[in-house]
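Below, chains carry the letters A, B, ... as their sequence lines are ordered, and counting in each starts from 1.
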There are 2 protein chains.
Amino acid sequence: MSDRPAKDKLFDAFASVAKVLGSGRRAEIVDVLAQGERPVDEIAEEIGQSIANTSQHLQQLLRAGLVRTRREGTRIHYRLSGTAVTRLWVAVREVAAEHVAELDELAEAYLGDRAALDSLTRAELTNRMAAGDVVVLDVRPEREFRSGHIPGAVSVPIGELAGRIKDLPHGRIIVAYCRGQYCVFADDAVRTLREQGMPAARLEEGYPEWAEAGLPVEDGAPRKSGAPG
Amino acid sequence: MSDRPAKDKLFDAFASVAKVLGSGRRAEIVDVLAQGERPVDEIAEEIGQSIANTSQHLQQLLRAGLVRTRREGTRIHYRLSGTAVTRLWVAVREVAAEHVAELDELAEAYLGDRAALDSLTRAELTNRMAAGDVVVLDVRPEREFRSGHIPGAVSVPIGELAGRIKDLPHGRIIVAYCRGQYCVFADDAVRTLREQGMPAARLEEGYPEWAEAGLPVEDGAPRKSGAPG
DNA sequence: GTGATATTCAAGTATTCACTTGAATACAAC
DNA sequence: GTTGTATTCAAGTGAATACTTGAATATCAC
């Protein structure tokens, strides 16, 4: 009754999208690119693989249509090909969080114990931003901040945080955010700030989810450090 | 700085979810189970594979946490483990539709030319249902209808449609729906009805998307054929 | 043009995967 | 208990995959 070979091919095409996300290294690449575009060598460093291997993973993502490229001189910048890809990546993590038995252990092994860390949802953060009683801290690498961030956020990459704590405004709660729920930067930031006696919490999710939810974003260079608006 | 082995394992765990969807046959299984639970032999028949092979695919889906089982006598029924899995499957198809170059051709090869077929969005259908000027026709196999359908829909499996056209009410547009955007049943139904001079259109998407969107659903046996409410 | 750098390609290897076939298990009917 | 049926398991094969190494390509600076 139904056209079996044609149906198989159609579903193989759907599966090709999932298949390309079915490698931990390519998943890391998508996670990185969800923060904004990056050249090959930086991606390789980010995922801890050789450049040749990273390039081949990127070719696969390209063939599957999940990423696009842009040439700039000798460098080739990769980026996700659209917001549907971000949604797909979020959906994968959701299913994993709900249904993969060992995920909690693995996440704890990587992230450490989060029990002591406060976290805010996006809605809570927008409320508090409206009330004006928070400082929003973007602790991702500065180039990710430049390609897009929460409006009014201060960029202090996690590596520089310890040395710049004194520049941060006092008297308001500091809410740190980073790449997402499974990113260590914001956790590290909250721990560092707490050790210095500053009230701090993390945004539960990260920048890609914020942008994907249609909340306002801003891009460009960070202001000179000091108290923001 | 970051714990590479732990990070790799965490992302491997995310990837394991995508990987298991990265086979056309397993994708078909998920598509079938999105309509409701099914025993192994029916799934095997639905995807056109041997029972042994289907069983192994199901084991993989089970290990990855995407499906659950229920024993009933000697038969084992598989079902999706939650709505997050449906969302993931929808996300995969969206990315494929947007970014996989050959998908249009493959879909047309399987579905045939759709240019002449009217289709309604979910919102359009709910409006027309409220206005009372449509007959909603569920052309999936009856057991899928029983495990959940659009309220007020009439169940006429596609294979029986030709013989039951005379039982359908006249004077109202007939809107057929089935498993989803890439399912042929509703297309076939619209063509069959049109040939008989009845005004017909299809719902753009299928039952799983309807249910996932939080729209009302109903379950149970179909009424005896004849005009519904 | 030459040299330097970023990226891709190609070949090789160990591993994993999909499917087949045939046997083993688990429950139901008797 | 035996028989029948639904499902799973195990072994085998050919294809695909991830990563490595080393060479090829493309652009820029000069």
Revision key, fill the gap. Per-nt protein contacts along nucleotides 25-30 of chain D (heavy atom under 4.0 Å; B base, S backbone sugar-phosphate only, - none) come out as -SBS--
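- The pair D8(A)-R4(A) meets the salt-bridge criterion, since a charged nitrogen lies less than 4.0 angstrom from a carboxylate oxygen.
- Y207(A) contributes no side-chain N or O that, together with a main-chain N or O of V217(A), makes up a donor-acceptor pair within less than 3.5 Å.
- Within residues 41-50 of chain B, the residues having any heavy atom closer than 4.0 Å to DNA chain C are, in order of number, Q49(B), S50(B).
- For R38(A) (side chain) and A44(A) (main-chain N/O), no donor-acceptor pair under 3.5 Å exists by modelled atom type.
- Taking the side-chain contact (heavy atoms from CB on, under 4.5 Å) definition, one finds that A91(A) meets it with L88(B), A91(B), sequence neighbours left out.
- With sequence neighbours excluded, the residues forming a side-chain contact (heavy atoms from CB on, under 4.5 Å) with Q49(B) are R25(B), I47(B), N53(B), T54(B), listed by chain and number.
- No donor-acceptor pair under 3.5 Å is formed between the side chain of T86(A) and the backbone N or O of E209(A).
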Give the table of side-chain donor-acceptor pairs shorter than 3.5 Å for residues 57-69 of chain A, with sequence neighbours excluded, one pair per line with atom names and distance.
| unit_1 | atom_1 | unit_2 | atom_2 | d |
| --- | --- | --- | --- | --- |
| H57(A) | ND1 | R26(A) | NH1 | 3.0 |
| Q59(A) | NE2 | Y78(A) | OH | 3.3 |
| Q60(A) | OE1 | R26(A) | NH1 | 3.3 |

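- Between the side chain of R71(B) and the main chain of G73(B), a donor-acceptor pair closer than 3.5 Å is present.
- Judged by distance alone, the side chain of S147(A) and the main-chain N or O of Q35(A) form a donor-acceptor pair under 3.5 Å.
- For residues 76-88 of chain B, the salt bridge (Lys or Arg N to Asp or Glu O under 4.0 Å) pairs, not counting sequence neighbours, are E94(A)-R87(B), R87(B)-E212(B).
- Close approach of DNA chain C to chain B, defined as any atom under 4.0 Å from a non-hydrogen atom of the protein, starts and stops at dC17(C) to dA28(C).
- The phosphate of dA18(D) (OP1 or OP2) has a side-chain N or O of Q60(A) nearer than 4.0 angstrom.
- Q59(B) comes within 4.0 angstrom of the backbone, heavy atoms only, and of no base.
- The residue I51(A) sits close to a base: some heavy atom pair falls under 4.0 Å.
- In terms of the side-chain contact (heavy atoms from CB on, under 4.5 Å) criterion, residue partners of R191(A) (sequence neighbours excluded) are, by chain and number, L117(A), D187(A), D188(A).
- Residue pairs satisfying the ring-ring contact (aromatic ring centres under 6.0 Å, His included) criterion with at least one member in residues 13-53 of chain B, sequence neighbours excluded, are listed as follows: W89(A)-F14(B), Y182(A)-F14(B), F11(B)-F14(B).
- Electrostatic pairing of E46(B) and R179(B) counts as a salt bridge here, judged by a charged N lying under 4.0 Å from a carboxylate O.
- Considering all non-hydrogen atoms of both residues, R146(B) and D219(B) come closest at O-CB, 3.3 Å.
- Listed by chain and number, the residues in a side-chain contact (heavy atoms from CB on, under 4.5 Å) with A213(A) are R122(A), L215(A) (sequence neighbours excluded).
- Comparing the start and finish of the helix from dG1(C)-dC30(D) to dC30(C)-dG1(D), five pairs each, the helix axis swings through 30°, to the nearest 10 degrees.
- Across residues 14-39 of chain A, K19(A), S23(A), R26(A) each have a non-hydrogen atom less than 4.0 Å from an atom of DNA chain D (numbered order).
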